[in-house]
Amino acid sequence: MGALKAMFSFFTMIRLDITREDMDAMDRKFWMVPVIGVFYGLIAAVMMTVLTQFDLVNSLAASVITFFVIFAMNRFLHIDGTIDVGDGLVVAGTKEDHLRALKDSRIGAGGMAFALMVILMSLVFAAAIPVLLMALFLFCAEVLAKVGMVSAAAFGTAGDGMAGNSVRNTKGPSLLYAIILAIVLIAVFGLFIYALDEYTSIPVAMPYHTLLRVLTVFVVPLFVSILTGVIMSAVAKKNFGMVNGDVLGATNEISRAAILLTFLILISVI
């Protein structure tokens, strides 16, 4: 429980009374971070469904409102990391120059543009998801984005920053644990969606045969999340020599966009 307490305190606006032991537990059990994805996935699923089903706003406006709430609940932590990574990648020069730009507290045009494009992709892709699939797909995207973070940590080289111990303690077995945890969490949510179809008339529900097909192809977005983490760790090693908290935050945002795009491609062929 110590690891989860630390994660909720660090990755959300929820302030809990945590100790050094809790932080150490989070570093050792970083593979549990998909649980934080459940928190944000439920927010995304409920908000997008309510806003669109009750015709309060159109799907794009609903997407903007939903992601603003998610970013705010995260204290824009991952957005900050995405901007820093963007600054570090676009600067010219040696690895030291890239690292200096990454750690620079000032915001450059490259970092802002990089983060803006990643955010816009998530907004547009989420808005394009059919209403019936919004709840399940947005939930999956948030959980799997956290698997991308674990993947980046598992394949990355630890730095000296705050996330250094998390990266240092996350290896291949940790990624496997995260994958299993994500599969269980998504399967439970899928069964919940099925129960809604069986016993209620809530519009996020879907028939069993549709749900089964959706959950079957979800292995592809899972693979995409892992691959995104691998690529981000390789890019970070080449440019910065390490994976730090900024890289993990950027991986979360890029993974989400890649996963949502994958879902859109899949639903066009299944």
Side-chain angles (χ1 to χ4, degrees), residues 7-8 10-12 30-45 47-48 63 66-83 85 114-115 117-127 129 133-156 163 166-167 170 174-175 177-187 189 218-233 235-236 243 245-266:
M7 286 178 183
F8 271 98
F10 186 78
F11 290 111
T12 75
F30 189 65
W31 59 269
M32 297 178 68
V33 75
V35 175
I36 303 300
V38 172
F39 175 75
Y40 288 113
L42 289 174
I43 292 176
M47 288 194 65
M48 284 290 287
S63 180
T66 298
F67 279 106
F68 177 78
V69 171
I70 290 175
F71 295 152
M73 286 296 296
N74 183 243
R75 293 172 287 111
F76 298 92
L77 181 67
H78 296 325
I79 299 300
D80 178 69
T82 306
I83 293 172
V85 168
F114 182 76
M117 293 306 298
V118 172
I119 293 170
L120 285 175
M121 284 190 289
S122 287
L123 294 178
V124 174
F125 296 159
I129 296 173
L133 298 173
M134 275 184 176
L136 183 59
F137 280 6
L138 289 173
F139 180 88
C140 289
E142 292 298 328
V143 172
L144 294 180
K146 299 301 183 288
V147 175
M149 292 175 65
V150 178
S151 176
F155 289 96
S166 292
V167 176
T170 304
S174 297
L175 177 57
Y177 300 154
I179 292 170
I180 294 173
L181 178 59
I183 291 173
V184 171
L185 294 173
I186 291 172
F189 189 73
F218 125 90
V219 68
V220 180
L222 173 60
F223 174 77
V224 168
S225 70
I226 297 170
L227 181 61
T228 302
V230 172
I231 293 173
M232 287 297 295
S233 67
V235 170
V243 168
D246 289 331
V247 174
L248 294 180
T251 301
N252 182 87
E253 299 305 308
I254 295 171
S255 292
R256 182 200 293 117
I259 291 162
L260 290 173
L261 175 60
T262 303
F263 277 134
L264 288 177
I265 296 172
L266 287 173

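Throughout, residue positions are numbered sequentially from 1 according to the sequence presented.
Considering only heavy atoms from C-beta on, E253 comes within 4.5 Å of F71 through its side chain. A 4.5 Å side-chain heavy-atom check between F263 and L133 finds every atom pair outside the cut-off. With contacts defined as side-chain heavy-atom distances shorter than 4.5 Å, the pair M47/I70 does not qualify. With contacts defined as side-chain heavy-atom distances shorter than 4.5 Å, the pair F155/L175 qualifies.
Heavy atoms from other residues, nucleotides or ligands lying under 6.0 Å from CZ of F8 number more than 12.
To the nearest 0.5 Å, the span separating CD1 on I254 from OG on S225 amounts to 13.5 Å. Between the CG atom of L138 and the CG atom of L42 there is a distance of 11.5 Å, given to the nearest 0.5 Å. Distance check: L227 CG to S151 OG gives 8.0 Å after rounding to the nearest 0.5 Å. Here the CZ atom belonging to F68 is positioned 12.0 Å from the CG atom belonging to L123, to the nearest 0.5 angstrom. Note that the CD1 atom of I129 and the CG atom of L260 stand 5.0 Å from one another [nearest 0.5 Å]. Annotation: the span from I180 atom CD1 to L185 atom CG amounts to 12.0 Å, rounded to 0.5 Å.
Ring-plane geometry between H78 and F11 is classed as tilted, the angle between the planes lying from 30 to 60 degrees on a 0 to 90 degree scale. The aromatic rings of F189 and F139 sit parallel to each other, their planes meeting at less than 30°, with 60° as the upper class boundary.
Of all non-hydrogen atoms in A126 and S63, the two that sit nearest each other are CB-OG, 3.7 Å. When all heavy atoms are compared, the tightest approach of T251 to G229 is CG2-CA, 4.1 Å. Scanning all heavy atoms of the two residues, the minimum distance from A44 to T66 falls at CA-CG2, 3.6 Å. What you find for V143 and G37 is that their closest heavy atoms are CG2-C, 3.8 Å. A pairwise comparison of heavy atoms in F30 and M7 identifies CA-CE, 3.7 Å as the closest pair. The nearest pair of heavy atoms linking A250 to M232 is CB-CE, 4.0 Å.
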TODO: Decide yes or no on side-chain contact (heavy atoms from CB on, under 4.5 Å) for F223 and T262, but give the supporting numbers first.
DONE: CA-CA 10 Å; F223 174 77; T262 303; over 6 Å; no
Task: Pair I259-F125, side-chain contact (heavy atoms from CB on, under 4.5 Å): steps then yes or no - done: CA-CA 9 Å; I259 291 162; F125 296 159; over 6 Å; no
Open item on the list: With side-chain contact (heavy atoms from CB on, under 4.5 Å) as the criterion, how do W31 and L181 come out once you've worked through the C-alpha distance, each side chain's angles and the decisive distance to 0.1 Å?
Closed with: CA-CA 8 Å; W31 59 269; L181 178 59; 4.2 Å; yes
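R256 places no side-chain N or O within donor-acceptor distance of the main-chain N or O of K146, the cut-off being under 3.5 Å. Remark: side-chain polar atoms of S255 are not paired, donor with acceptor, to backbone N or O of N252 under 3.5 angstrom. Side chain of T228 to main chain of V224: a donor-acceptor pair is present (N/O by atom type, distance under 3.5 Å, no hydrogens or angles).
When each of L136, I186, L266 is checked for a side chain to side chain contact (heavy atoms under 4.5 Å, CB included) with F218, only I186 meets the rule.
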